[in-house]
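Hydrogens, waters and symmetry mates play no part in the numbers below; they use all other heavy atoms, side chains included. Every chain is numbered from 1, with letters handed out A, B, ... down the list of sequences. Bear in mind that the values here come from a model prediction, so they are computed numbers and not experimental data.
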2 protein chains.
Amino acid sequence: MTEALLQLDGEGPLHEQIRKAFARKISARELKPGDRLPFEHELTDALNISRMTISRALQALADEGLIVRKRKAGSFVAEQVSHHTPMTIGVPREDIQAAGMTYRYELLSTVGTSAALPGNERGVQAEKMKILHLTCRHLADETPMVMERRWINLEAIPKVSVSVFNDTPPGEWLLSHVAWNEAEHVISAVAADRESALHLEVDEGTACLKLDRRTWSGSATVTHVTLIYPGDRKSFVGRFQPAGLDPEAG
Amino acid sequence: MTEALLQLDGEGPLHEQIRKAFARKISARELKPGDRLPFEHELTDALNISRMTISRALQALADEGLIVRKRKAGSFVAEQVSHHTPMTIGVPREDIQAAGMTYRYELLSTVGTSAALPGNERGVQAEKMKILHLTCRHLADETPMVMERRWINLEAIPKVSVSVFNDTPPGEWLLSHVAWNEAEHVISAVAADRESALHLEVDEGTACLKLDRRTWSGSATVTHVTLIYPGDRKSFVGRFQPAGLDPEAG
DNA sequence: CAGTGGTCTAGACCACTGC
DNA sequence: CAGTGGTCTAGACCACTGT
């Protein structure tokens, strides 16, 4: 009882101090998966801190996935920390300019059709939509960085003149003009097909990184894009700290 | 004034109703980037809801990155929704068993050295560490799914007999025995080298997906693993809803 | 059915910051 | 320096759930 129930560092908001204190203990395995944390009322008594503040700290830990809270039972260290790595997936311009290189965009072709979107397993397939298909590429210091094949559902977006895409990358135009509420990314590896190899200036069969992105607004597909990067010109990086602690802690 | 400031659906906790109401408006571009949300006190007055509850809802939106809150100025719709896609990156066993296939693990080689970890740009390089290097592969229904090259910093983990890894995949053993607080994932594409091609039973040069994962405990590297998947046997999928809304909303 | 977390309130003080 | 959000409290009622 004379032993402190929790060691606070005295810096920053109380709820953050409490959250970090438990995050540290969990990260250091001082509290192991399945262990029960003190009850809220125990912490309020021991630390002389309002229950709302305690609750806020524990709620944050639950949101991070570090603990699981059960009524009548208590709060427990989660059995498995989720491995949801946040991956930053931006438009090609960002990658290229972030590397200090000059960005250039090149439209290769546009075709209007009324077929269905390829690989569209969701929602209403039966009805035909007006689809715009286009191919383009993005260059870094005049070296082709990525080839893009894109399908746009013209019935799900505001009216637009195709000539817009002569100068503006479709991904960027869509991002700033179209509302969407769900996206899916699929990363895979493929050998460069003939057309991609040509536009990317690599040998056919070269190992390439492929990113497929589908975007929905409600149940309607807005756009589907396939980006093909030569393997040595791109990687996706994700970094994360499962306990949400400051660096150098531990 | 007779116009409702915000339309609540009357289901679930108040703070969630408020959060979703604004998330919908932002998702539908009814509130555009840069627009100011009502002040907390305006919402308290208009909705007759306590400021703590209002604050909690807006705080959640800020945590999601949908809005930015500035003292003395107000709360504003964020200029750009962050594109941090949550990618699920698990151990090979999970992928294989989730697909309903039989999992098998095979240790190929182990080598103990005292060199530095390759590509270790962080922390103290000067001192030598005791490193265990091993290669192994994971099979799905007896088809090689992924080849693994791993380096383990034996000075950063509990004592372990190398024979453990005859039967237990090192990734899984480390996950359940070693505390770590930071991880980095890098996804890229490479052509299969001779050794990988052999163990994966594909042609040399086959396009492969490569996942590099580095794990740290404090400033010490715990482990570094390179996973090589034949391009047609693996992809990484990430799905997200930037506004945190229920499906079918919109 | 007793005890936990989930939510909500009315009020308070404070830090920061744009004007 | 005035107004915003950030934090905290003491208390309350309720929903859920393990025993």
Side-chain angles (χ1 to χ4, degrees), chain A residues 5-6 8-23 25-26 31 33-79 244 246, chain B residues 5-6 8-23 25-26 31 33-79 244 246:
Chain A
L5 199 58
L6 203 64
L8 304 183
D9 56 15
E11 292 182 8
L14 278 177
H15 63 86
E16 262 298 293
Q17 294 182 42
I18 298 166
R19 189 193 63 78
K20 283 186 183 172
F22 280 117
K25 285 197 174 198
I26 293 170
L31 282 168
D35 285 359
R36 210 204 77 224
L37 274 62
F39 297 128
E40 292 190 349
H41 70 80
E42 290 176 331
L43 289 166
T44 38
D45 294 351
L47 303 173
N48 200 28
I49 289 176
S50 154
R51 196 188 138 215
M52 270 296 291
T53 304
I54 304 287
S55 180
R56 182 170 177 181
L58 298 187
Q59 191 58 54
L61 289 168
D63 289 343
E64 290 179 79
L66 256 68
I67 70 173
V68 176
R69 314 194 75 192
K70 287 199 216 304
R71 281 166 154 113
K72 168 78 181 185
S75 302
F76 303 85
V77 178
E79 289 297 338
D246 300 329
Chain B
L5 198 58
L6 203 65
L8 304 183
D9 56 16
E11 291 182 9
L14 280 176
H15 63 86
E16 263 297 293
Q17 295 182 42
I18 299 166
R19 189 193 65 76
K20 283 186 182 171
F22 279 117
K25 286 198 174 196
I26 294 170
L31 282 168
D35 285 359
R36 208 204 78 224
L37 274 63
F39 297 127
E40 293 191 350
H41 70 81
E42 291 176 330
L43 289 166
T44 2
D45 295 351
L47 303 174
N48 200 28
I49 290 176
S50 152
R51 196 188 139 216
M52 270 296 292
T53 303
I54 303 288
S55 179
R56 183 171 175 180
L58 298 187
Q59 191 58 53
L61 290 168
D63 289 344
E64 291 179 77
L66 256 70
I67 70 173
V68 176
R69 314 194 74 192
K70 287 200 215 307
R71 281 167 154 116
K72 167 76 181 186
S75 302
F76 303 85
V77 178
E79 289 298 337
D246 298 330

- Message: I'd like to check B:K25 versus B:V77 (side-chain heavy atoms, cut-off strictly below 4.5 Å). Are they in contact?
- Response: no
- Item | Residue list, side chain to side chain donor-acceptor pair (under 3.5 Å) with B:Q17, at least two apart or on another chain | none
- What pairs meet the salt bridge (charged side-chain N to carboxylate O under 4.0 Å, His left out) rule with one or both residues in residues 54-66 of chain B, with sequence neighbours excluded? B:R19-B:E64
Quick check for you: to the nearest 0.5 Å, what is the distance between [X] atom [atom1] and [Y] atom [atom2]?
X: A:L58; Y: A:I18; atom1: CG; atom2: CD1; value: 7.5 Å
X: B:M52; Y: B:Q59; atom1: CE; atom2: CD; value: 10.5 Å
X: B:S75; Y: B:L31; atom1: OG; atom2: CG; value: 11.5 Å

- Task: Apply side-chain contact (heavy atoms from CB on, under 4.5 Å) to A:I26 and A:I67, showing your working.
- Result: CA-CA 9 Å; A:I26 293 170; A:I67 70 173; 3.8 Å; yes
Mind calculating the distance between [atom1] ([X]) and [atom2] ([N]) to the nearest angstrom?
X: A:R56; N: D:dT9; atom1: CZ; atom2: C1'; answer: 13 Å
X: A:F76; N: C:dT4; atom1: CZ; atom2: P; answer: 11 Å
X: B:M52; N: D:dG6; atom1: CE; atom2: C1'; answer: 10 Å
X: B:R69; N: D:dT7; atom1: CZ; atom2: C1'; answer: 12 Å

Respond yes when some side-chain nitrogen or oxygen of [X] is under 4.0 Å from OP1 or OP2 of [N], and no when none is.
X: B:T53; N: C:dT9; answer: yes
X: B:Q59; N: D:dG5; answer: no
X: A:S75; N: C:dT4; answer: no

- List in chain and number order the residues that pass side chain to side chain contact (heavy atoms under 4.5 Å, CB included) with A:A78, two or more places apart in sequence or in another chain; answer none if no residue qualifies. A:V68
- Message: Please enumerate all residues that pass side chain to side chain contact (heavy atoms under 4.5 Å, CB included) together with B:K72, with sequence neighbours excluded.
- Response: none
- Task: Could you pick out which residue, A:Q17 or B:A73, lies toward the 5' side of DNA chain D when each is mapped onto its nearest nucleotide?
- Result: B:A73
- Query: Could you give all pairs that pass the ring pair (Phe, Tyr, Trp, His ring centres under 6.0 Å) test and reach residues 33-71 of chain A, with sequence neighbours left out?
  - Reply: A:F39-A:H41
Are any protein N/O atoms closer than 3.5 Å to N/O atoms in nucleotides 13-16 of chain D? If there are, list each pair with its distance.
unit_1, atom_1, unit_2, atom_2, d
D:dA15, N3, A:R71, NE, 3.2

- So which of residues 40-50 of chain A are in contact with DNA chain C, with a heavy-atom cut-off of under 4.0 Å? A:E40, A:H41
- Query: Listed by chain and number, what are the salt bridge (Lys or Arg N to Asp or Glu O under 4.0 Å) partners of A:R71, not counting sequence neighbours?
  - Reply: none
- Of all residues at least two apart in sequence or in a different chain, which pass the salt bridge (Lys or Arg N to Asp or Glu O under 4.0 Å) check with A:E40? A:R51, A:R69
- Message: If you take any heavy atom closer than 4.0 Å to DNA chain D, which residues from residues 8-15 of chain A end up in contact?
- Response: A:P13, A:L14, A:H15
- Message: For B:D9, is the CG atom crowded, meaning more than 12 foreign heavy atoms sit under 6.0 Å from it?
- Response: yes
- Message: Here's a test of your reading of the structure: between B:I54 and A:L58, which maps to the more 5' nucleotide of DNA chain C?
- Response: A:L58
- Task: Test B:L8 against B:I49 for side-chain contact (heavy atoms from CB on, under 4.5 Å), laying out the working first.
- Result: CA-CA 12 Å; B:L8 304 183; B:I49 290 176; 4.3 Å; yes
- Note on the structure: Picking from D:dT9, C:dT4, D:dG6, the nucleotide nearest the side-chain atoms of A:F39 would be C:dT4
- Message: Could you spell out the base pairing of DNA chain C as a dot-bracket line? Use Watson-Crick and G-U wobble contacts where both distances are under 3.5 Å, [ ] for crossing pairs, | for partners on a different strand.
- Response: ||||||||||||||||||.
